[in-house]
Amino acid sequence: MGEFINALIVRDNNGEKVRKTLKKIGSGLEGSLSFEDCQYIEYNRGVNVLLEDNMEFGCEKIAKTLSKELSCPVMLCYIFDGDFWGYFFYNKGEDLDWFMSMPDYFGEAPEEERQMAAGDSKIIADFFYVEEGKIENYLQIWPMDIWDREEDTYAYEGDEYPAGQCWQIVDFMRAIGFPYESKE
């Protein structure tokens, strides 16, 4: 089994407020997630909460509920089974955008779903105060044969991880100003 990583990026809040709100809403959510065991990293523009390891499903509900409770933007960045990455983005509890690098992973996705899963770099650039040109290349749908390619393709010069590696999410998170930092 691969890795399941989930990070909540909470804009315009501090760690203590986010921790208290997660604890408050946690009792009403399914699962056994302990928000006390999460890693809270504060930045000038918000908080990055690295959730417990290997949580496979249900984090979208946590992100959406947190966004609604705090009335702010919240992005859930995730790695699924060590194979692909994506995000769900909410503002004030409303779905704004989502991205999935491999929408055909579970079977061929209808074209409408593939288009919805493509992400919107303009929305992300506006909410995270970055130039769209510095993030749009991350939001590329990977073909199912991506792992068979002989040459690596990077979204931007200087990136650490190429397309086809789930850890490309690290480069994306760094680009929007909330670098991924592991618990180790």
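Computed over heavy atoms, backbone and side chain alike; hydrogens, waters and symmetry mates excluded.
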> Roughly how far, to the nearest 0.5 Å, is the CG atom of Asn13 from the CZ atom of Arg19?
Replying inline: 13.0 Å
>> For Ile41 and Leu50: C-alpha separation, side-chain torsions, deciding distance, then whether side-chain contact (heavy atoms from CB on, under 4.5 Å) applies.
In response: CA-CA 8 Å; Ile41 304 162; Leu50 186 57; 5.7 Å; no
> Got a second to check how far Cys77's SG is from Tyr180's OH, nearest 0.5 Å?
Replying inline: 11.5 Å
>> How long is the straight-line distance from CG of Asp126 back to CD of Glu132, given to the nearest 0.5 Å?
In response: 8.0 Å
> Any link between Val74 and Tyr129 through a network of hydrophobic side chains (Ile, Leu, Val, Met, Phe, Trp, Tyr) touching at under 4.5 Å?
Replying inline: no
>> Could you measure the distance from the NZ atom of Lys122 to the CZ atom of Phe127? Nearest 0.5 Å is fine.
In response: 10.5 Å
> Minimum heavy-atom separation for Gly82 to Cys166, with atom names?
Replying inline: O-SG, 3.5 Å
>> If we ignore hydrogens and angles and just use 3.5 Å, is the side chain of Asp81 paired with the main-chain N or O of Gly2 as donor and acceptor?
In response: yes
Without placing hydrogens or testing angles, list every side-chain donor-acceptor pair under 3.5 Å for residues 95-102, not counting sequence neighbours.
unit_1	atom_1	unit_2	atom_2	d
Asp95	OD1	Lys64	NZ	2.9
Asp97	OD1	Asp120	N	3.1
Asp97	OD2	Tyr87	OH	2.6
Asp97	OD2	Asp120	N	3.0
Ser101	OG	Trp85	N	3.1
Ser101	OG	Trp85	O	3.0

> Is a side-chain donor or acceptor of Glu42 paired with a backbone partner of Gly15 at a separation under 3.5 angstrom?
Replying inline: yes
>> Counting C-beta onward and ignoring hydrogens, is there a side-chain heavy-atom pair between Tyr138 and Asp171 closer than 4.5 Å?
In response: yes
> Distance from Leu51 atom CG to Phe4 atom CZ, nearest 0.5 Å?
Replying inline: 14.0 Å
> Does some side-chain heavy atom of Lys17 sit less than 4.5 Å from a side-chain heavy atom of Val10?
Replying inline: no
> For Ile176 and Val130, which heavy atoms make the closest approach, and how far apart are they?
Replying inline: CA-CG1, 4.1 Å
> Is the closest side-chain heavy-atom distance between Glu181 and Asn48 below 4.5 Å?
Replying inline: no
Per-pair distances, 0.1 Å, donor-acceptor, side chain in residues 145-158, under 3.5 Å, sequence neighbours excluded:
unit_1	atom_1	unit_2	atom_2	d
Trp147	NE1	Gly164	O	2.8
Tyr156	OH	Gly133	O	2.7
Tyr156	OH	Ile135	N	3.2
Tyr156	OH	Glu136	N	3.1
Tyr156	OH	Asn137	N	2.9

> Between Ile169 and Gly86, what is the shortest heavy-atom contact and its length?
Replying inline: CD1-O, 4.0 Å
> Minimum heavy-atom separation for Trp142 to Asp83, with atom names?
Replying inline: CZ3-O, 3.6 Å
> Nearest heavy-atom pair of Ala117 and Ile141: which atoms, and what distance?
Replying inline: O-CD1, 4.0 Å
>> If you count heavy atoms of other groups shown closer than 6.0 angstrom to CD of Glu111, is the number above 12?
In response: yes
> Does some side-chain heavy atom of Leu8 sit less than 4.5 Å from a side-chain heavy atom of Leu22?
Replying inline: yes
>> Quick check: do Cys72 and Arg11 have side-chain heavy atoms less than 4.5 Å from each other?
In response: no
> Does the side chain of Pro73 reach to within under 4.5 Å of the side chain of Met75, using non-hydrogen atoms?
Replying inline: no
> Is there side-chain contact between Tyr161 and Asp159, with heavy atoms separated by less than 4.5 Å?
Replying inline: no
> Quick one: does Asn14's side chain have a donor or acceptor within less than 3.5 Å of a partner on Glu16's backbone?
Replying inline: yes
>> Looking at every non-hydrogen atom in both residues, tell me the closest pair between Phe128 and Arg45 and how far apart they are.
In response: O-NH1, 2.7 Å
>> Salt bridge or not between Asp104 and Arg114? Use side-chain N to carboxylate O under 4.0 Å.
In response: yes
> Mind checking whether Leu76 and Ile62 have side chains closer than 4.5 Å, heavy atoms only?
Replying inline: no
